[in-house]
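Only heavy atoms go into these numbers, but all of them, side chains included; no hydrogens, no water, no symmetry mates. Note that the structure is predicted; figures quoted are calculated from it, not measured. Both counts, for ligands and for their atoms, begin at 1 and track the order of listing.
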Amino acid sequence: MQRTLNKPVCLEGFGFWRCDDVVVTLNPADPDTGIVFIRDDVPSAPPIPAKLENRIAVERRTSLGIQKDGQTVVQVDMVEHLMAALFAAGITNCCVRVNAQELPALDGSALPYVEAVNSVGTVDQPGERIQKRVTQSIRVGTDKSYLEVEPPKPEDLTSTIRYELNYPHCPDIGKQEFSTELVPESLQKEVAPARTFATQDEARALQSAGLCQRVTTQNCLVFTGKGALDNQLRFPNECARHKVLDFTGDFYLGGIEWIGRFHGVGSGHALNSQLLEKLLLSVTRRQE
Ligand SMILES: [Zn+2]
């Protein structure tokens, strides 16, 4: 079954990086539309399908854009938390309209998106949701930081991920691990509420570079070495959970639910997209 929203729902806020005010509306869409972004502030902007081939490599976040003659004609930034929420809600078709380049930071997690979707409800639609079983082990990254997947056992109907994080230079993040099954209930309750984080040094460096000027300790967990500044953790391993949130959002570019056993060690957006690319290639090769 495919799935969309029951009716439109709107969220407002400001962008984490660029800090512009933004309104985002999640609209129902027809079967087989997939997830598509439309920039209402750019006249005659082409829609941006949420697909890996439209990913633009940027630091520390996931951006999508349409390129023409080597130039980006339209772009939307920071899509991963919304993508994670749509995946967690099983939404396969949605037209996302935004009036600025960057989606809102909200509380730094995907929870406000999940709550917005749940507030209007979803409707099942005719058509298959694309599911693919991983058929070979693939690993990307280095010895220190990598992401790998193994084929599922024959009895596995869903995916699992085990994620390990190590911040020896910031003891209040330190070593963390989180494992989960990638199913709606766990994703909505155990993963979506986990917030973006940074060390205090990283946060200071970004703000002195003129970025993230409106971001406070309420949009991003800032770790001082002695705990999260002006905030309470939602989970002791909230940082590892947030990395899983980013992973699910990045992996939903392509609109496929992969069934496999994932394992990440210090991996992030770049390795997420490298592994997804290899998986997509492995599928194409099998079809040839
Ligand atoms: Zn994130």
Name, closest N/O/S atom of D246 to the Zn ion (ligand 1):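 It is OD1, the N, O or S atom of D246 closest to the Zn ion (ligand 1).
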Of all pairs that satisfy salt bridge (charged side-chain N to carboxylate O under 4.0 Å, His left out), the ones with a partner from residues 74-95, not counting sequence neighbours: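 Qualifying pairs, neighbours excluded: none.
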E80 near the Zn ion (ligand 1): N/O/S under 2.8 Å: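 So E80 does not count as coordinating the Zn ion (ligand 1).
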Basic-acidic side-chain contact under 4.0 Å: E177, K175: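 Looking at E177 and K175, the cut-off is not met.
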Ring centre gap for Y163 and F247 strictly below 6.0 Å: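 Ring-ring flag for Y163/F247: false, centres at least 6.0 Å apart.
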Result of checking L52, L253, L275 against L280 for side-chain contact (heavy atoms from CB on, under 4.5 Å):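 For L280, the side-chain contact (heavy atoms from CB on, under 4.5 Å) check succeeds only for L52.
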Opening angle between NE2 in H81 and NE2 in H242, taken at the Zn ion (ligand 1), to 10 degrees: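 It rounds to 100°.
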